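Computed from a predicted structure; not experimentally measured.
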Amino acid sequence: MTDAAALPGQPRGLVTSGPATERAVNVLAPNPSAMTLDGTNTWLLFEPGSSLAVAVDPGPLDEGHLRHVIDTAEKLGKRIALTLLTHGHPDHAEGAGRFAELTGTSVRALDPALRLGDEGLGEGDAVTVGGLELRVVPTPGHTSDSLSFHLPADRAVLTGDTILGRGTTMVAHPDGRLGDYLDSLRRLRSLTVDDGVHTVLPGHGPVLEDAQGAVDFYLAHRAGRLAQVEAAVALGHRTAPEVVAHVYADVHRSLWPAAELSVRAQLEYLRERGAI
């Protein structure tokens with residue numbers, strides 16, 4: 001058995017519903033898959049002693065899960081006062097409209113198409129509910145609308161799909177762009193250096209105890225894959241499927257469609273820089 005402390009980011013262990021930090025509780029959605037890992041992590045955030053909570057990423061349109069999130073909050077003595085989205089992929093956002101109906105909350109997101117209410121989210125915004133403070137950190141790359149949420153009081157950051165609790169994420173080309181994604185990883189790293197963030201609360205997978213180690217692993221992984229793609233092109237593999245078959249031969253074929261999106265983003269990145 002591998003020691004979790006030796007793995008990138010020091011994952012906490014099994015993914016379960018329950019407390020993750022003093023101000024964050026996970027409610028795991030029942031949608032496990034190769035892409036969603038154990039399922040979507042729906043986060044309930046609240047200031048200790050407050051009766052109000054924020055829900056981040058209600059998850060898929062699953063009535064049982066949405067009601068379970070509300071029940072979990074009520075058992076904690078909390079009323080959900082606001083819903084936030086890290087990005088618009090269905091496994092994070094499809095249930096947001098129904099969740100808003102059940103809770104009477106507005107939905108705030110970067111993408112206007114996902115919002116319910118007048119307020120969106122953008123760089124420099126701070127969200128305060130019942131004494132809880134969240135700082136909005138734009139982290140495009142996985143998608144153009146991806147956001148992370150910095151929870152300063154717990155020295156934690158909610159990363160959606162920008163950093164996962166296990167493995168690595170895809171750059172969802174053409175909406176996602178590799179240059180943006182690398183910039184976003186560097187921005188998250190600055191949170192670990194300048195703001196003391198040490199905990200990653202991801203959209204999928206276990207909590208990570210070593211945020212800086214996780215970011216460094218992601219940056220190194222991306223640099224390595226980019227070099228492999230460049231080498232594959234030099235060998236004559238011109239199309240994205242050809243590059244995937246060559247570079248991602250160690251990855252299960254069920255993940256090749258997602259890998260192809262990342263390869264398309266990598267090829268675009270290399271062409272823009274005149275590397276291929």
Side-chain angles (χ1 to χ4, degrees), residues 8-9 34-35 86-89 92 109-113 121-124 136-148 150 157 159-164 166-194 197 200 202-204 208 211-276:
M35 292 297 295
T86 61
H87 64 296
H89 279 167
H92 293 257
L110 178 61
D111 185 349
L121 292 170
E123 183 162 7
V136 178
V137 184
T139 47
H142 170 68
T143 61
S144 62
D145 69 329
S146 287
L147 299 173
S148 295
H150 177 201
V157 61
T159 54
D161 282 357
T162 299
I163 292 179
L164 305 179
R166 185 171 65 249
T168 57
T169 197
M170 69 172 179
V171 177
H173 181 82
D175 180 50
R177 295 174 60 84
L178 181 58
D180 291 342
Y181 184 68
L182 294 174
D183 288 343
S184 293
L185 290 177
R186 296 182 189 109
R187 185 166 196 178
L188 290 173
R189 195 181 193 284
S190 74
L191 288 181
T192 72
V193 175
D194 300 332
V197 166
V200 173
H204 304 279
L208 300 177
Q212 188 172 121
V215 175
D216 287 345
F217 169 74
Y218 266 64
L219 285 167
H221 172 80
R222 284 294 165 193
R225 283 297 194 203
L226 199 59
Q228 288 176 315
V229 169
E230 189 172 1
V233 172
L235 289 172
H237 303 288
R238 299 296 180 183
T239 68
E242 289 172 350
V243 173
V244 169
H246 180 77
V247 172
Y248 289 80
D250 59 330
V251 174
H252 195 277
R253 282 178 175 265
S254 65
L255 297 176
W256 280 16
E260 185 173 326
L261 294 179
S262 287
V263 165
R264 291 185 185 278
Q266 290 164 327
L267 291 171
E268 179 182 66
Y269 179 85
L270 290 169
R271 290 190 191 105
E272 289 174 347
R273 284 151 182 79
I276 59 173

Going by heavy atoms in the side chains, are [X] and [Y] under 4.5 Å from each other?
{"X": "V136", "Y": "E123", "value": "no"}
{"X": "T159", "Y": "T86", "value": "no"}
{"X": "V137", "Y": "L147", "value": "no"}
{"X": "Y218", "Y": "L164", "value": "yes"}
{"X": "R177", "Y": "E272", "value": "yes"}

Please report the interatomic distance [atom1]([X]) to [atom2]([Y]), rounded to the nearest 0.5 Å.
{"X": "L270", "Y": "I276", "atom1": "CG", "atom2": "CD1", "result": "5.0 Å"}
{"X": "S262", "Y": "L178", "atom1": "OG", "atom2": "CG", "result": "8.0 Å"}
{"X": "I163", "Y": "L188", "atom1": "CD1", "atom2": "CG", "result": "5.0 Å"}
{"X": "Q266", "Y": "L226", "atom1": "CD", "atom2": "CG", "result": "6.0 Å"}
{"X": "D216", "Y": "L185", "atom1": "CG", "atom2": "CG", "result": "10.0 Å"}

E260 vs H173, side chain to side chain contact (heavy atoms under 4.5 Å, CB included): CA-CA, chis, key distance, verdict: CA-CA 9 Å; E260 185 173 326; H173 181 82; over 6 Å; no
Among D145, T139, D161, side chain to side chain donor-acceptor pair (under 3.5 Å) partner for H87: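 Only match with H87 under side chain to side chain donor-acceptor pair (under 3.5 Å): D161.
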H204 and H92 aromatic centres sub-6.0 Å: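 H204 vs H92: aromatic centres under 6.0 Å.
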Any donor-acceptor N/O pair, [X] side chain to [Y] backbone, under 3.5 Å:
{"X": "S184", "Y": "P140", "value": "yes"}
{"X": "Y181", "Y": "T162", "value": "yes"}
{"X": "S146", "Y": "H142", "value": "no"}

Closest heavy-atom pair and its distance - V157, S148: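 In terms of heavy atoms, the two residues are closest at CG2-CB, 4.0 Å.
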Minimum heavy-atom distance A214-L208, with the two atoms named: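 Heavy atoms of A214 and L208 come nearest at CB-CD1, 3.7 Å.
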Full working for side chain to side chain contact (heavy atoms under 4.5 Å, CB included) between L255 and M35: CA-CA 8 Å; L255 297 176; M35 292 297 295; 4.0 Å; yes
Step-by-step side chain to side chain contact (heavy atoms under 4.5 Å, CB included) determination, R271 to L267: CA-CA 6 Å; R271 290 190 191 105; L267 291 171; 3.7 Å; yes
Presence of salt bridge, E230 and R273, under 4.0 angstrom: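 Looking at R273 and E230, the cut-off is not met.
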D175 and T143: side chain donor to acceptor below 3.5 Å: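 No.
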Check: R189/Q212 side-chain N/O donor and acceptor closer than 3.5 Å: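 There is such a pair (donor and acceptor under 3.5 Å, judged by atom type) between the side chains of R189 and Q212.
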Derivation and outcome, side chain to side chain contact (heavy atoms under 4.5 Å, CB included), residues V171 and R222: CA-CA 10 Å; V171 177; R222 284 294 165 193; 4.2 Å; yes
Taking only distance into account, with no hydrogens and no angle test, what donor-acceptor pairs under 3.5 Å do side-chain atoms of residues 239-254 form with protein atoms, sequence neighbours excluded?
residue: T239; atom: OG1; partner: E242; partner atom: N; Å: 3.3
residue: E242; atom: OE1; partner: R238; partner atom: N; Å: 2.8
residue: E242; atom: OE1; partner: T239; partner atom: N; Å: 3.2
residue: H252; atom: ND1; partner: S254; partner atom: N; Å: 3.0
residue: H252; atom: ND1; partner: S254; partner atom: OG; Å: 2.9

